[in-house]
Amino acid sequence: MDCLRITGGVPLAGTVTAGGSKNAALPIMAASILVDGPIALAGVPDLVDVNTLALLLGYLGVEVKRQTNDDLRIECVDNRPTRAEYDLVRRMRASFCVLGPLVARRGRGVVSLPGGCNIGNRPVDLHLAAIEKLGADIHIEHGYVVAQARRLKGAALHLSGPFGPSVTGTANALSAATLARGRTVIIGAAREPEIVNLGEFLNSLGARIAGLGTDTIEIVGVEQLAPTSARAYQVIPDRIETGTLLLSAAITGGSATVRGARPEHLTAVLEALCGCGVDVTSSAGHITVRAATRPRPTNLDARPYPGIPTDLQAQFMALLALANGTSIVGDAVFPDRFMHVAELNRLGARIEHSASTARVHGVPALSGATVMASDLRASAALVLAGLAAGRQTIVRRIYHLDRGYQRLETKLAQLGAEVERYDESQRPAAALHEPALPPPG
Ligand code: UD1
C-alpha cells in the first residue's frame, strides 16, 4: 500500500497545470452508453476512478481506450449487457450513473446499490424517483436496482433533496431523458459546471437540452445520439484539483499559479481564499495565489454550486487550522463529512466537531505525524497539513487520494514541495520508527 512522506515547512512556489475534471469525465463516460458510434474525449485524467468506470463500461459492451495521456476513445460494441456488478459499483458511487443510460438505450439496467460511504449517508432515492417518473418500472432485487422500460417518456422531475440538488442524480436523469419520448423538465437541477459539461457533450451528439447551469433544465427527447464530428470533446479542468493546489500554496505561506484553470468555476473558492487573507489574481485560464502571512480566521459553509464545494471543505479546514483565531466550518451538502478532524488534530490542529459544524481554533504551527487517509478529499487535507507541518508527516492509505488526484505529489513537487511516494511494504529507513499497521479488514 502506497504512502506519502512529506517534509513540511517549505513555502511552495511555481506554476502547475490543472488536470481534467474527474467529476465531469465520469458521467460523460457513462453517457457513452447512449451513443451510436465512436466518440473521442480530451482532458480525461488518468485516475483510479476513471479506470474503474472504464472497466465497468467494458463489462457493459463499451470499449474505452486511452489514446494519449488524457485522450480517450470510446465505442459501444455490444448493446446487450445490462448488469453492473456490486464489486465495481461499490468501489465508486459514480458508477451508478450508468443506470439512466442503460434503461434509456437498452430498455433495462440492473445496477448494484452503491452502499455506504465514508463521508456519510449517500442514498440514491432521487436518482430512482427520477428514472421511475420517466416511466421505468423499478424494483430492488438482492441488492440490485432493476429498472426497465420499453421507451422512457418525458416528465417533470425533482432532483433536489434535503441537502440540495443531487449532482450525479441530475446527471443520471439528464442522460436518460435525452432519449425519452417528449419533453422533460428537471426542477431543482444541480448547477455544477460538471453537469453543464455533460449537457453540452450530449448536445454535441444531437441532444436537445436547454437551461444548463440553472436549476431548471429542459430536455426534448431525440431518437438517437450520434457523433457529428471526429473532434474530441473537451472535459473541463478539475476545479477541485485546482482549489487543492491553490490551498497547498496558501497553507505553506507560498505562492502558485495554476494554468489551464477556469477561475469562473471557482468564484466562491477564490473569494473565501481572499477572506483568509490570501492574495488572489486571476485571468482567463490562470489563477495565482500569494500568501505571506498567517491565514485570517473565516467562517465557511460548503454548499451546492456556486457555493464553496464540499469537496474542498476539508482542505479549507487544514488552512484555517493555522489561522490567527477561530473559524467555524460547516457542510450543508454532507453534514457528517468531518472524518478529517481527528487526523488534523493528530497533526497539532485544535478543532472541535459537533453536529454539522467544526470550530477550528487556529494554532501557530502544526507538527508532523503519521496520519491515516479516510476518504478522497480528507486525504488531500492531510497532505496540505503535512506540507505546513514541522518535520515529517506520513499519510497512509493514499489509495483514496489516487481515486481523484493524478499523482498529486508530482504537481506538488513541481511547486517545490518535498513529497515522496513509497510502498509501505518497502519502507525507507526514515519511516522505520513508525510501527507498521495491518491493512484495513
Ligand atoms: C457528487 C460528486 C462528489 C461531491 C458531491 C456534492 C461526482 C462523481 N461526485 O457526488 O464529489 O462531493 O456531488 O457536490 O460528481 N442525496 C439524497 N438522495 C439522493 C442523492 C443524494 O438525499 O438520491 C443527498 C446526499 O446524501 C447529499 C446531497 O444529496 O447529502 C448531495 O449528494 P449528491 O450531489 O448526490 O452527491 P454525488 O452526486 O454522489
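Counting starts at 1 for both ligands and their atoms, in listed order. Just so it is clear, the values below take in all heavy atoms, side chains as well, and ignore hydrogens, waters and symmetry mates.
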Any Lys/Arg nitrogen of [X] or [Y] sitting under 4.0 Å from an Asp/Glu carboxylate oxygen of the other?
X      : Y      : value
Asp2   : Arg397 : no
Lys22  : Glu241 : no
Lys411 : Glu409 : no

Polar contact flag for [X] and ligand 1 (N/O pairs, less than 3.5 Å):
X      : answer
Ala94  : no
Leu26  : no
Val167 : yes
Lys22  : no
Glu192 : no

For [X], state whether at least one heavy atom is located under 4.0 Å from any atom of ligand 1.
X      : value
Pro165 : yes
Gly161 : no
Gln313 : no
His127 : yes
Pro309 : no

Per-atom contacts of ligand 1 with [X], taking only distances under 4.0 Å to non-hydrogen atoms:
X      : value
Arg337 : 12 (O)
Thr168 : 7 (C), 8 (C), 15 (O), 37 (P), 38 (O), 39 (O)
Thr310 : 6 (C), 12 (O), 14 (O)
Val333 : 6 (C), 27 (C), 28 (C), 30 (O), 31 (C)
Pro123 : 17 (C), 18 (N), 19 (C), 20 (C), 21 (C), 22 (O), 23 (O), 26 (O)
Asp125 : 17 (C), 18 (N), 19 (C), 22 (O), 23 (O)

Under the salt bridge (Lys or Arg N to Asp or Glu O under 4.0 Å) test against Asp311, which residue among Arg337, Arg403, Arg239 passes?
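Result: among Arg337, Arg403, Arg239, Arg337 is the only option passing the salt bridge (Lys or Arg N to Asp or Glu O under 4.0 Å) with Asp311.
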Taking atom types as modelled, is there a side-chain donor on [X] or [Y] under 3.5 Å from an acceptor on the other?
X      : Y      : value
His265 : Glu192 : no
Asp36  : Gln224 : yes
Arg259 : Thr15  : no
Tyr405 : Asp238 : no

Residue of the set Leu34, Asn79, Val111, Val110 for which side-chain contact (heavy atoms from CB on, under 4.5 Å) holds with Leu102
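Only one of Leu34, Asn79, Val111, Val110 forms a side-chain contact (heavy atoms from CB on, under 4.5 Å) with Leu102, namely Val111.
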Please determine which of Asp331, Leu320, Val360 meets the side-chain contact (heavy atoms from CB on, under 4.5 Å) test together with Leu300.
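Per the side-chain contact (heavy atoms from CB on, under 4.5 Å) rule, the option paired with Leu300 is Leu320, out of Asp331, Leu320, Val360.
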